[in-house]
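What follows is one structure encoded as structure tokens, with my remarks underneath.
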Amino acid sequence: MNIPAVHTPRLSLSFLVDHFFYLVFLLVFVFFSLASDKFLTVSNLSSLLLQCSYYGVLVTGLSFVIISGDFDISVGTVAYVSMSVGMVTIAAGYPILLGVALTLLTGVAIGLLNALIIIYLHVPAFITTLGVLIAGRGVGHLLVAEQGGIEAPVALTQFAQFRIGPLYLEVAFMLLVMFIGQFVLTRTAFGRTVFAIGDNEKSARRIGIEINKMKLVLFTLSGFVASLAGLVYVTQVGYLHASFADGWEFTAISMAVIGGVSLFGGRGTILPGALLGITLIVMLQNGLTIIGLSPYIHPFVIGSMIFVAILADSLKNRRN
Amino acid sequence: MDQEIRSSAQNGKLESIRLKAISKTFPGVRALNNVFMEMRAGEVISIVGQNGAGKSTLMDVLGGVIQPDSGGIFFDETPVVFASPRDSMQKGVSYIHQELTLFNNLTVAENVMFNEYAVANPLRPLDRSAINRKCAEVLEMIEPSIKPGDLLASLTVGKKQIVEICRAIVSGASVIIFDEPTSSLTLKEKEGLYDLIGRLKRSGYVIIYITHHFEEIFRIADRIYVLRDGENAGEVQVADTNTTELTKLMLGEYAARMFANGDTGPDARLGDDRPALLEVRNLSSTTGLQDIDFTLRKREVLGIWGLLGSGRTELMRALLQIDPLTDGTVQIDTAEGMVPVPREFTTHFGYVPENRREEGLFLDAPILQNTSIGRIRSFANRLGLVNRTTERSKVEKVVKDLGVKLVDIHQRVDNLSGGNQQKVVIARWLIIKPDIIILDDPTKGLDIGAKSDVYRLINELVGEGISVLLVSSDIDEILHLSDRVLVLADKQVSAVLERDQIEKTTLMEHCVGQR
């Protein structure tokens, strides 16, 4: 069998579809660099990357779920509730480490809860996590909002100040998490199995993969990672309030999809894919603000970007 | 009691349908060739033939699903053209499928009258009482115990089928085609259906009855058309024939086929004293299998033969513990003697499912990943880290051994031909040799060249000490490859045939429930 030659029109179309967002990324970057002299500066770019950091962590966990062909839209709420538990603990005078541990533990617990509902009550993942998204926020409000919010201790917020050259420590942390994610995804038996389930769940069952076990791990992992992202976020905003991590789920899913993680499952990379998607969205928000465009236009621009990304994903899927 | 079943929607009385010289060719397959048939009102016609003989294609022509390349359909000498399923329905052809096409969340009346209110005029407000009244008239003629207001979901399968028949009558059907209508009915419901079909026949409907079950044909049909390889193979009156004659007509004289040379058949030298590898005793399952008993020996190909719905697939699923067993044991011979088969089937079994694209392959992934995934743990260290060097070299070796034609192993599996895709699915299990490979219709959709490749492969597997459970709907394949054959009928073992007993006629007789 021949591999089709590079110059056929069909392949150049698919080349465009595959690499479309590298081009868009480049165009957006060049455009902002030319449009404003405040964009292409070391301080702006490093703060831009800092804004990416919590999304980077979040999307890493989420990408596993999406590549396996499922959804977890509870991640914003998980970050909020688990931070609430941690912050309340710290505010009550317990050690900070205990608060951090409880935060992560709560993330694991909610993820596990998601998994158990999906597996044993056969509720579709989308609905399960939607329920947790709504109900969980109420729990967070009970813990936090009644007091009007909780200030994060300096021991945590100082993490957002450390730098290695121009690179914030948290950006390095994000890159580490994403690197580990990508490594696990492509180099371990677990990661291969994630791809297999997302590609074709029926085939996966037929080769003896235990889908439920995988779901249990994936949703628990997603919960854990979401609470980790919440920790990274709180060090930057310094304050836990009622709209903490609100709307993360859709931003994160969009970022993953823009970065080439397929909504249909079975395809995608965390590095470079998801990172590129994250950076593109954050860069748009950052650049549009710098060039002084009305903030009401931002959702329109970003929404259009998401639409095009999902369209490209569907086209790719149809091509098969 | 024997009230005539009529509907005001019928346009006049149809006396006969004639199919004249119907031909249909699909790419590479001549599905129908010059088929003639005549069906008269007040007659039950049965159409029989092997899988692939052309029955379904012919019914698709009648149902407007496909259009013939040539030939015509005549209603009382008037030519008719069925451009779409809806067109065919409006001209009076109704289908009662194996799977019912009703809505569980609607009432009986809403289902029966569906075509009248939903299709004909979707915006008209629903006149519930008129619908119920009209439906009641039909139910009165057919089955008064069903009430128009009953929710469909509350009915038994048998009664649902009656509702479907009512719908056909209300829509003005004059031709009713039944396609394996008894497959999910109880004995009593079957009797009820036969009675109803009898009444429909006496009321002057044209009835076409398609089934694999000979006893049903002899029970209710008047005349039989036999199709073989897309052509008319015979027309007989039920009163003048018997199963042996029908079987002969269906199969044709034993044509010397591609296997005539015999060089790839089972190796008789291995003898019949091979020790047992897998012992299945009294296996019953939630999917209806009853008291299945058989032994798979080492280094043998055990063919599993039976008609659609005989329990072939269910048996494979039960062995792989996809469906739970309600009774019985499955034991395998290991170093520690006979032990129950462990929960993780991949320790002993390799499974090649029926539809390789839907249930076998990962189409987005390259050959490498598709092949290694079945045994991915074997490439991983304790931390789960895959050793890519061993992975690549092992996959390359096994893929090469099987003769998969490829550019390199990073090529997407989607771009391979059907035969090569099937080899990839088989290759998956050969990285570590399993004790048993289950092949479910392994040559479905493959051309002759690819088929004989797979046959050679099966013999090589046996040569290397693997036992094969071969499920197939191709009788020649079973005949050609099996050391022994387990025949299933009605989800029970109907016979276990030894090498010298395997013949087409015996296979057919055992699987149609003629014991």
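Chain letters run A, B, ... following the sequence lines, proteins first, then strands; residues in each count from 1.
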Pull out the residues in residues 370-379 of chain B that come under 4.5 Å of chain A, heavy atom to heavy atom, sorted by number. B:S372, B:I373, B:G374, B:I376, B:R377
Positions in residues 420-438 of chain B that reach chain A, provided some heavy atom is under 4.5 Å away: B:R428, B:W429
Does A:F183, at its CZ atom, have more than 12 non-hydrogen atoms belonging to other residues, nucleotides or ligands within less than 6.0 Å? yes
Per-residue contact mode, [X] against chain A (heavy atom under 4.5 angstrom):
| X | result |
| --- | --- |
| B:E391 | side chain |
| B:L320 | neither |
| B:A380 | side chain |

Heavy atom to heavy atom, less than 4.5 Å: which residues from residues 191-208 of chain A reach chain B? A:R192, A:T193, A:A196, A:D199, A:N200, A:K202, A:S203, A:A204, A:R205, A:R206, A:I207, A:G208
Between side-chain atoms of residues 105-123 of chain A and protein atoms elsewhere (two or more places apart, or another chain), which donor-acceptor pairs fall under 3.5 Å?
residue: A:T106; atom: OG1; partner: A:L102; partner atom: O; Å: 2.6
residue: A:N114; atom: ND2; partner: A:S74; partner atom: OG; Å: 3.1

